[in-house]
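Working notes, beginning with the structure itself.
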4 protein chains.
Amino acid sequence: MDTPQRRGRRGPALQTPVTAAIASAAFDELAENGWQGLSMDAVARRAGVGKAALYRRWPSKDAMLMDLIGEAVARNLPDLPDSGDLRRDVRAFLDLTVAQVADPRMPRIGLDLLAEYVRNPAFSEELRRTVAQPRREAAATILNRAVERGELPAGIDISLAVDLMISPLVLRLVISGEPVDEAVLDRMTSMIIAGAAATTAP
Amino acid sequence: MDTPQRRGRRGPALQTPVTAAIASAAFDELAENGWQGLSMDAVARRAGVGKAALYRRWPSKDAMLMDLIGEAVARNLPDLPDSGDLRRDVRAFLDLTVAQVADPRMPRIGLDLLAEYVRNPAFSEELRRTVAQPRREAAATILNRAVERGELPAGIDISLAVDLMISPLVLRLVISGEPVDEAVLDRMTSMIIAGAAATTAP
Amino acid sequence: MDTPQRRGRRGPALQTPVTAAIASAAFDELAENGWQGLSMDAVARRAGVGKAALYRRWPSKDAMLMDLIGEAVARNLPDLPDSGDLRRDVRAFLDLTVAQVADPRMPRIGLDLLAEYVRNPAFSEELRRTVAQPRREAAATILNRAVERGELPAGIDISLAVDLMISPLVLRLVISGEPVDEAVLDRMTSMIIAGAAATTAP
Amino acid sequence: MDTPQRRGRRGPALQTPVTAAIASAAFDELAENGWQGLSMDAVARRAGVGKAALYRRWPSKDAMLMDLIGEAVARNLPDLPDSGDLRRDVRAFLDLTVAQVADPRMPRIGLDLLAEYVRNPAFSEELRRTVAQPRREAAATILNRAVERGELPAGIDISLAVDLMISPLVLRLVISGEPVDEAVLDRMTSMIIAGAAATTAP
DNA sequence: TTCTAATCGAGACGGTACGTCCCGTCTTGCC
DNA sequence: GGCAAGACGGGACGTACCGTCTCGATTAGAA
């Protein structure tokens, strides 16, 4: 028999084979033509599906892509153990970020994701909630633990320090595209620790 | 010699006032409707110009906007005097960045600019050259002067430190949109100086 | 065998009321502005229809007009009873032609029709088959019956006599536009009968 | 008084070779693309001439083509001697018509000419005056001479008989495109003479 | 000879229509 | 009732052409 085994739902989508086919086709089109270049007709054709099948699931092209991408990105959430040492924690955070962005489908889709993120306020909020916030919280946890351990001074600006943990790496990975090797990550780690410690009110 | 003398001039040039009218109309439309919402017919109508006048200058809507915006952004280059003090130099750099992004037309257009930046490789390179590079060089100059004065250690990673001077502020201003007040800029300045000093090889 | 059964219907048909609305709008525009002055946008707007609905049916403006007009003209075929007398038959044929061309929408559209007839070879053939040929056959029938009755000699050139029955009247009606009253039709009838009888090989 | 004496010449005349080049290019384009397909830019390019040179001479594309074609057609006016015999005169008229239409450039351009004739009222009048009227007068002269000689009855409808001399042949040559050989011309001559004689009031 | 007005080639200008493509909705029949 | 196929209204895109205008270079009549 072929009982449609519901295995711990990954999210509302991908429940039926039709939805899965749409998702696959959409990602292919996204990688080939980008967000703006993707047309609903092309996705439906590629998925061997009627256009109505798409609009039965999402109210618009943007909503569909937000949902599909958001879900895909949200799936790989950071899971960082407490190493008991700030330097190791920070380095692990950076490594995880590099690993996630290094996903083979990321280079092309990721940029379009950011493009649409800044373009579309609704998606902006959705993505902030599902993607950015969890990562910011993970970074904040690392910093707070270090404060508790006394590795960082008490009065630091956590929010600013979190920006510091995320933005220089994202700039390199997503925007400037410069290579990020071990040595750079080492120096970046030092930079983050020193910088974070200096975010106290003067 | 009996060269059959060519009559007439070699051909008229594009008329400057027309280009100016198009640019103005395009910026208005951009601010009102955004990159995607901007239509070439609307720009032409607003500029009191035929659509052909647009397509005589640029091969497509995207090319037009890239060119116009890129040029506009490239125009306001940082011009930072040497204050002789690293902290003052860094703070001036941050203030300048805030001021440029705070330009009333920026909030809406700037995001679209970044969106297209990551989407279009050709524009990406163009924008890197005319917008990012000059600012990176200004930041690098500040840091190098500090090294010469002994305010920063000799072995620091200038490129990484430049990232540090730019990315956290850009993240706040362009992406997260969190407010940036004087106090935050003070703490960010401290963070940058401490972080930059720590980018030495371990 | 496991032929993957195709789901859904094979595809929707073009909707009749839409086609009718387009045809009506096209004829209105044609009468008002002529073939060249008719614009597809105007037809679509007048029909309350998207431009795509037009181009889904015909590949171009000319093809659309050829099809619509050709079909309209082809519809009113001559239906001429055998009066048993050549003169009455010929006169009835002329009257029918005048009546058909006297249709209020004809004066303007008819000329454009001929214009396109001579311009476009494909339309030319189509129109010859649906419009000219039936009328030529009706004329030929009249003449052949007269030959059988002995009203016309046996050796006449039917094709040439058919030209005679059609061309002088068409010249007046369509090209020179001179008025055609009862007296002219009387004289033309005499002319045709005498001329037809003289088309024998010398 | 101080009449500001106008120095310099009153202005050079339009240059003949330029006009000739335009005419040649226009006829080429006309033969290749037809009246509607001919574009002024293409004519100017082909003639190696600026578009202004065209509009300096004619107010519009239609006016230019009307003028050029009208003049070309008007040049070969019928010049028919009085043979003293109606049959020979009619046959000569038909032969001349065949010869004129048989001109190698005619087949393609001639049809477009008629097309535009029925489409464009202004051209219609111009062409009627320069092309049709002289030929109708030539035909009328032939008929009137026959009446004077007693070869045709006195009360015939000259206008209708002129239609008879022109329209069947034109129908064949220009519209139906059927071949016209000697035998057909013989029968047509007989038909015309008999028909013309029968155009008397009943 | 010198002035100067009109012509020349080239092509930009405003405007209008074309034919294509896409979005999001709606309709029709097959499963 | 879900599905494929695709027609539907709407609207933007990028192209082509018309008839006008501007530009600098050329040319030939009038002073």
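Note on naming: letters A, B, ... go to the chains in the order of the sequence lines (proteins, then strands), and numbering restarts at 1 for each one. Fair warning: this is a prediction, and the values are worked out from it, not measured in the lab.
The distance between atom NZ of D/K61 and atom P of F/dG19, rounded to the nearest whole Å, is 8 Å. As a whole-Å value, the separation of D/I22 CD1 from E/dT7 P is 13 Å. When the C1' atom of F/dC13 is taken as reference, atom CH2 of B/W58 falls 16 Å away, rounded to whole Å. As a whole-Å value, the separation of C/M64 CE from E/dC18 P is 9 Å. Atom pair D/R56:CZ and F/dC18:P shows a separation of 17 Å (rounding to whole Å applied). Rounded to a whole Å, the OH atom of A/Y55 is 9 Å from the C1' atom of E/dT25.
Contact annotation: C/R57 side-chain N/O to F/dC8 OP1/OP2 distance is under 4.0 Å.
Under the side chain to side chain contact (heavy atoms under 4.5 Å, CB included) criterion, D/D62 pairs with D/W35, D/S60, D/M66, D/E116, D/N120, not counting sequence neighbours.
Side-chain contact check for A/W58 versus A/L68: some heavy-atom pair is nearer than 4.5 Å.
With the nearest nucleotide of DNA chain E identified for both A/K51 and B/K51, B/K51 has the one nearer the 5' end. Take the nearest nucleotide of DNA chain E for B/T16 and for C/P59: the residue whose nucleotide is more 5' is B/T16.
Among E/dG14, F/dC3, E/dG19, the nucleotide with an atom closest to any side-chain atom of C/S60 is E/dG19. Distance from the side chain of B/A53 is smallest for E/dG14 among the nucleotides E/dG14, F/dG19, E/dC18.
If you check the side chains of B/T19 and B/T16, you find no donor sitting under 3.5 Å from an acceptor.
A salt bridge does not link C/R45 to C/E29: none of the charged side-chain nitrogens sits closer than 4.0 Å to a carboxylate oxygen.
A donor-acceptor distance shorter than 3.5 angstrom exists from the side chain of D/K61 to the backbone of D/L38, with no hydrogens or angles considered.
Looking at residues 36-50 of chain D, you'll see D/L38, D/S39, D/M40, D/D41 sit with a heavy atom under 4.0 Å from some atom of DNA chain F.
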